[in-house]
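I have placed the structure first, in the form of structure tokens, so that the comments after it can refer back to it.
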2 protein chains.
Amino acid sequence: MSPENKDADNTIDYGLLDKVVGYRLRRAQMNFFATFSDVFSDLGISPGLFAVIALVESNPGRTQTAIAQALGNDRSAMVAAVDKLENMKIIERRPSKSDRRSYALYMTQTGNDFFKTASKRVMDHEKEMTSRLKDEKEVAWLLETLRTLSD
Amino acid sequence: MSPENKDADNTIDYGLLDKVVGYRLRRAQMNFFATFSDVFSDLGISPGLFAVIALVESNPGRTQTAIAQALGNDRSAMVAAVDKLENMKIIERRPSKSDRRSYALYMTQTGNDFFKTASKRVMDHEKEMTSRLKDEKEVAWLLETLRTLSD
DNA sequence: TATTGTTATACTCTATAACTATA
DNA sequence: TATAGTTATAGAGTATAACAATA
């Protein structure tokens, strides 16, 4: 195709955008979250809620604020999240023994079962998405690179 | 530290989450967008608006719907975006010659100047963020990997 | 019948400020 | 004074449905 016809065809030149890590990060994340939401629609949780569950599972007894900070969220956003997960019997608030202002968050037995099911689903989803990459070493490299860019 | 004290300290174990590409993508993107927004606060545009400008610059004459589709957005969301960029005299709507239902989008001269300034700012931001990586080859590899994960 | 731009609408996510009870 | 949880609220961002004009 001649350059003169460039404006008239229906292909798009992403130009600068294609070289911008910030933009490519966004597109990759959009794709992950869209398919993630499909995979999880029957379980009734979003990617954000799964993150809360995963952190409580690995860190039982932490306060809402501690979990929020670890996820980079505001503590006010945790209220509705914990309310929902408590209604689903996945996690529970227990009064902190050392500080009567705060609650400690724990998994329920139902929550442990749910987490087992959900994390298997997450890892299957991960495997499917990263199957386009060369090998496990490349996935590990990507994870390390993304961690480096997150600080 | 002994494992028994794990619950009591203030470090967080990210557990499974640290191995999940979807989560690490989100954290990296949050970091990029937060600093991007700082860098761009004086120019009055968001990352999303910059993407629209960049695409119009590389593809003058496209319709709103074509730009929206290329960005993965709904066309209804383009109305406010184009309204704003037109008010800022950055891009302009011109009646399409071949289809009276649609507008073709073009850069203004002001828009070209703006884009030059803005894209320099974006690339500086990119350079600062990716300076933590080993070299340019690693950045290129990351971009290619992210593209692979976006389809 | 289908598509473009548009409007209205709603829903999620996120952030801010203020309140209370504790520390 | 400062902090934890909460509430109310407001602002993005995003998606859906419907409409008029046009294809």
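In what follows, chains carry the letters A, B, and so on, assigned in the order in which the sequence lines appear, proteins first and then strands, with residues in each chain numbered from 1. Since we're looking at a predicted model, the values are computed, not measured.
- B:Glu86 places its CD atom 13 Å from the C1' atom of C:dG5, with the value rounded to the nearest Å.
- Computed from coordinates, the B:Arg101 CZ to C:dT4 C1' distance equals 6 Å when rounded to whole Å.
- Under the 4.0 Å criterion applied to side-chain N and carboxylate O atoms, B:Asp42 and B:Arg121 are assigned as salt-bridge partners.
- Between A:Asp83 and A:Arg93 a salt bridge is recorded (basic side-chain N to carboxylate O distance below 4.0 Å).
- With respect to the salt-bridge test (charged N to carboxylate O, under 4.0 angstrom), the residues B:Asp151 and A:Arg132 do not qualify.
- Of the candidate nucleotides D:dT16, D:dA2, D:dA8, D:dT16 has the atom nearest to the side chain of B:Asp74.
- Among the protein residues, A:Asp99 comes within range of the sugar-phosphate backbone only, with heavy atoms under 4.0 Å from sugar or phosphate atoms but none that close to a base.
- Counting non-hydrogen atoms under 4.0 angstrom, A:Ser96 reaches nothing in the nucleic acid.
- Between the CG atom of B:Leu105 and the C1' atom of C:dT4 there is a distance of 12 Å, given to the nearest Å.
- A:Asp99 and A:Arg101 are joined by a salt bridge, as a carboxylate oxygen and a charged side-chain nitrogen come within less than 4.0 angstrom of each other.
- The distance between atom CZ of B:Phe33 and atom P of C:dC13, rounded to the nearest whole Å, is 17 Å.
- Heavy-atom distances to DNA chain C give each of A:Ser46 and B:Val82 a nearest nucleotide, and the one nearer the 5′ end belongs to B:Val82.
- In this structure, the side chain of A:Glu138 engages the main chain of A:Lys134 through a donor-acceptor pair within 3.5 Å.
- A salt bridge between A:Glu86 and A:Lys84 is absent, with no side-chain N of the basic residue lying under 4.0 Å from a carboxylate O of the acidic one.
- An angle of 0°, rounded to 10°, separates the two end axes of the helix from C:dT1-D:dA23 to C:dA23-D:dT1, each defined over five pairs.
- Under a 3.5 Å cut-off, the side chain of A:Asn59 and the backbone N or O of B:Asp13 do form a donor-acceptor pair.
- Of all nucleotides listed (D:dT16, C:dA18, C:dT4), D:dT16 comes nearest to the side chain of B:Ser76.
- A straight line from OH of A:Tyr103 to P of C:dA21 spans 12 Å, rounded to a whole angstrom.
- Distance A:Gln29 CD to C:dC13 P: 12 Å, rounded to the nearest Å.
- The nearest whole Å value for the distance from the CG atom in B:Asp83 to the P atom in C:dA8 is 12 Å.
- Of the side-chain N and O atoms in A:Arg93, one or more sit less than 4.0 angstrom from OP1 or OP2 of D:dT6.
- The side chain of B:Arg100 places an N or O atom within less than 4.0 Å of a non-bridging phosphate oxygen (OP1 or OP2) of D:dA23.
- In this structure, B:Arg26 places its CZ atom 13 Å from C1' of D:dG13, rounding to the nearest Å.
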